[in-house]
Amino acid sequence: RERLTVPVGKRDYLFVLLTFLATVIFIRFSFFGGFNLGFTVSYIILFAVTLLYLKKKGKGLPLFPLLCGIFALLLSVPFTLYCDGPIKFISFVAITLLTALFFGGMSNSLKCSDGSYMLGVDALFILFIYPLKYLTLFTDSVKKSSSNNGNKGIKQITYIAGGVAITIPLLMIIVPLLMDSDAAFESLIEKIFGGLTETIVSVIAGLVLTPFVFICIFVLSKGVESLNDKNALTERTFGLSPVLINTVLIIISGCYAMYLLSQTAYFFSAFESLLPESYTAAEYARRGFFEMCAVAAINLCIFFGAYILEKRGEENRIQGLTKGLLTFLTVFTLVLIITSFSKMYMYIDRFGLTRLRVLTSCFMIMLFLVFVVLLLKLFIGKLPYMKIIIILAALTLCSISYSDIDTQIAKYNTNRY
């Protein structure tokens, strides 16, 4: 079978070189720079290079991908402002996913157009599947283009490699001369290239990673995947009997109803700041939080399992009984989250703020909003719920990243004291 090829031009050859340079800079100043100012600057450089390559004149950008790109850039700035390891790690993962969705939407390569859970699959495809699936696309395209144009493509790559080879010895002469002429430039070069080992490792890592990074963007630029069926990731090719789904939901809902009834005083005592006997405020809040997390995680799996797996009719709607049971499941989870938050509020009111209490409270607020969106989805069929959830999560993470938690905690506790 003939391999897939696409037209290749000078712009593509230039982007190969720019991608390599941006990747080396990102590795050198992010992984070897402690994910501080170097990460922010190198990510913006890589983002800008990719944006220039993918941007097409006269083509607008949908709102959701645009928001993903804005939040990705916003989340990169706190790496410079604050030293918060766990938040930086979560932000790095979020930036990666948001960047994939931004460039995927920009190149019209997102197959999930209805804003469902398959948006996550879209992001994973862009990050991992496309670079492996089309790993030889560029080289095959260059070979075909060269054969049609008298090996012009291969000559272009040879000229670029030759130019790099000629430039390196010249820079080895010019840079020391400039360093001797100016102390500020000397200090800058020593700071950038002072760690020779890190620079060499960054160049080697850049050579290894550049093909994957470039192919990912190259596929989006050429619209290879945008030519495919847009509903390929959302077609329903299976379905479980509604009777089976509803049986599970009825049993689970009955169990939750009994549990809620038997624990009414225990759950809702926190609203009146009443502490049960033999409980400290810390034990009461922690137990309520972990109960909520476990039940919310289970209910989230049950919700998506029932909603996704149930066999639909011609109108692609879930049954009324299933909708009612999922509504009860969602409302019960919301009540559980509110109760858990009230316990945490009582704990904070007595003993003040800590980092863990703040992050726990933010997580509960975000989880509450997620279940509100899922509840609305049951009654608004066309609601792009996953897009809303992604934006809510990004907004929450931005708020945490920019708030300087430690300073705010100190101010709050001092004022309370």
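Owing to the predicted nature of the structure, the values given are computational and were not obtained by experimental measurement.
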Colleague: So, do F31 and F39 have ring centers that fall under 6.0 Å from each other?
Modeller: no
Colleague: Testing the 3.5 Å rule here: is there a donor-acceptor pair between the side chains of Y43 and T99?
Modeller: yes
Colleague: Ignoring hydrogens and geometry, is there a side-chain-to-backbone donor-acceptor pair from K323 to I318 under 3.5 Å?
Modeller: no
Colleague: I need the minimum non-hydrogen distance between Y130 and S109, along with the two atoms involved.
Modeller: OH-O, 4.2 Å
Colleague: Under a 3.5 Å distance rule, please check whether N415 uses its side chain to pair with a backbone N or O of K411 as donor and acceptor.
Modeller: yes
Colleague: I want to check something: taking the side chain as every heavy atom from C-beta on, are T333 and F303 in contact at a cut-off of under 4.5 Å?
Modeller: no
Colleague: When you compare the side chain of F218 with that of T19, does any pair of heavy atoms fall below 4.5 Å?
Modeller: no
Colleague: Between F351 and Y347, how do the two ring planes meet: parallel, tilted or perpendicular, split at 30° and 60°?
Modeller: perpendicular
Colleague: Could you measure the distance from the CG atom of L135 to the SG atom of C216? Nearest 0.5 Å is fine.
Modeller: 12.0 Å
Colleague: Under 4.5 Å between any side-chain heavy atoms of Q319 and I245, yes or no?
Modeller: no
Colleague: May I have the step-by-step check of side chain to side chain contact (heavy atoms under 4.5 Å, CB included) for N299 and F332, ending in yes or no?
Modeller: CA-CA 9 Å; N299 288 352; F332 172 77; 4.1 Å; yes
Colleague: Counting only N and O atoms by type, is there a donor-acceptor contact under 3.5 Å from the side chain of T414 to the main-chain atoms of A410?
Modeller: yes
Colleague: Taking the ring of F103 and the ring of F47, is the distance between their centroids below 6.0 Å?
Modeller: yes
Colleague: With rounding to the nearest 0.5 Å, note down the distance linking CG in L367 to SG in C362.
Modeller: 12.5 Å
Colleague: Side-chain contact, heavy-atom cut-off 4.5 Å: F138 with V16?
Modeller: yes
Colleague: Which donor-acceptor pairs under 3.5 Å do side chains of residues 72-82 form with protein atoms, sequence neighbours excluded?
Modeller:
{"from": "S76", "atom 1": "OG", "to": "L73", "atom 2": "O", "distance (Å)": "2.6"}
{"from": "T80", "atom 1": "OG1", "to": "T40", "atom 2": "OG1", "distance (Å)": "2.8"}
{"from": "Y82", "atom 1": "OH", "to": "Y402", "atom 2": "O", "distance (Å)": "3.3"}

Colleague: Quick one: closest heavy-atom pair of P7 and K222, and the distance?
Modeller: O-NZ, 3.0 Å
Colleague: Are side-chain heavy atoms of L127 and L97 found at a separation under 4.5 Å?
Modeller: yes
Colleague: Any non-hydrogen side-chain atom of I389 less than 4.5 Å from a side-chain atom of L374?
Modeller: yes
Colleague: Can you tell me how far apart CZ (F64) and CD1 (I390) are? Round to the nearest 0.5 Å.
Modeller: 4.0 Å
Colleague: For the residue pair F26 and F92, categorise the inter-ring angle as parallel (less than 30°), tilted (30 to 60°) or perpendicular (more than 60°).
Modeller: parallel
Colleague: Return the CD1 to CD1 distance between I70 and I391, rounded to the nearest 0.5 Å.
Modeller: 9.0 Å
Colleague: Checking S403 side chain against I400 main chain: does a donor-acceptor pair fall under 3.5 Å?
Modeller: yes
Colleague: So which heavy atom on G352 is nearest to which on Y412, and how close?
Modeller: CA-CE2, 4.3 Å
Colleague: How far apart are the closest heavy atoms of I27 and A205, and which atoms are they?
Modeller: CD1-CB, 3.7 Å
Colleague: Any heavy-atom pair between the side chains of F371 and L375 that's under 4.5 Å?
Modeller: no
Colleague: Determine the minimum heavy-atom distance between G206 and V24, stating which atoms define it.
Modeller: CA-CG2, 4.0 Å
Colleague: Indicate yes or no for a side-chain donor-acceptor contact from T354 to the backbone of R357 under 3.5 Å, with no hydrogens or angles considered.
Modeller: yes
Colleague: CZ of F212: more than 12 outside heavy atoms within 6.0 angstrom?
Modeller: no
Colleague: Would you check if the side chain of D140 reaches a backbone N or O of T5 as a donor-acceptor pair within less than 3.5 Å?
Modeller: no
Colleague: Would you name the heavy atoms of V335 and T339 that are closest together and state the gap between them?
Modeller: O-OG1, 2.7 Å
Colleague: Would I215 and K133 count as a side chain to side chain contact (heavy atoms under 4.5 Å, CB included) if you check the C-alpha gap in whole Å, the side-chain angles of each, and the deciding distance to 0.1 Å?
Modeller: CA-CA 10 Å; I215 286 298; K133 181 179 179 181; over 6 Å; no
Colleague: How long is the span from the CZ atom in F214 to the OG1 atom in T50, to the nearest 0.5 Å?
Modeller: 11.0 Å
Colleague: Would you check, one step at a time, whether the test side chain to side chain contact (heavy atoms under 4.5 Å, CB included) holds for V370 with L392?
Modeller: CA-CA 8 Å; V370 167; L392 285 175; 5.6 Å; no
Colleague: Checking the side chain of S141 only, and the main-chain atoms of V6 only, is there a donor and an acceptor separated by less than 3.5 Å?
Modeller: yes
Colleague: Tell me, with the steps shown, if D12 and Y53 meet side chain to side chain contact (heavy atoms under 4.5 Å, CB included).
Modeller: CA-CA 8 Å; D12 302 306; Y53 182 62; 2.4 Å; yes
Colleague: If I take atom CG from residue L325 and atom OG1 from residue T330, how far apart are they, to the nearest 0.5 angstrom?
Modeller: 10.5 Å
Colleague: Does a donor on one side chain sit under 3.5 Å from an acceptor on the other, for E310 and T322?
Modeller: yes
Colleague: Hey, which of M346, R350, M344 is the one that makes side chain to side chain contact (heavy atoms under 4.5 Å, CB included) with I348?
Modeller: M344
Colleague: In the structure I gave you, are the side-chain heavy atoms of M118 and D122 within less than 4.5 Å of one another anywhere?
Modeller: no
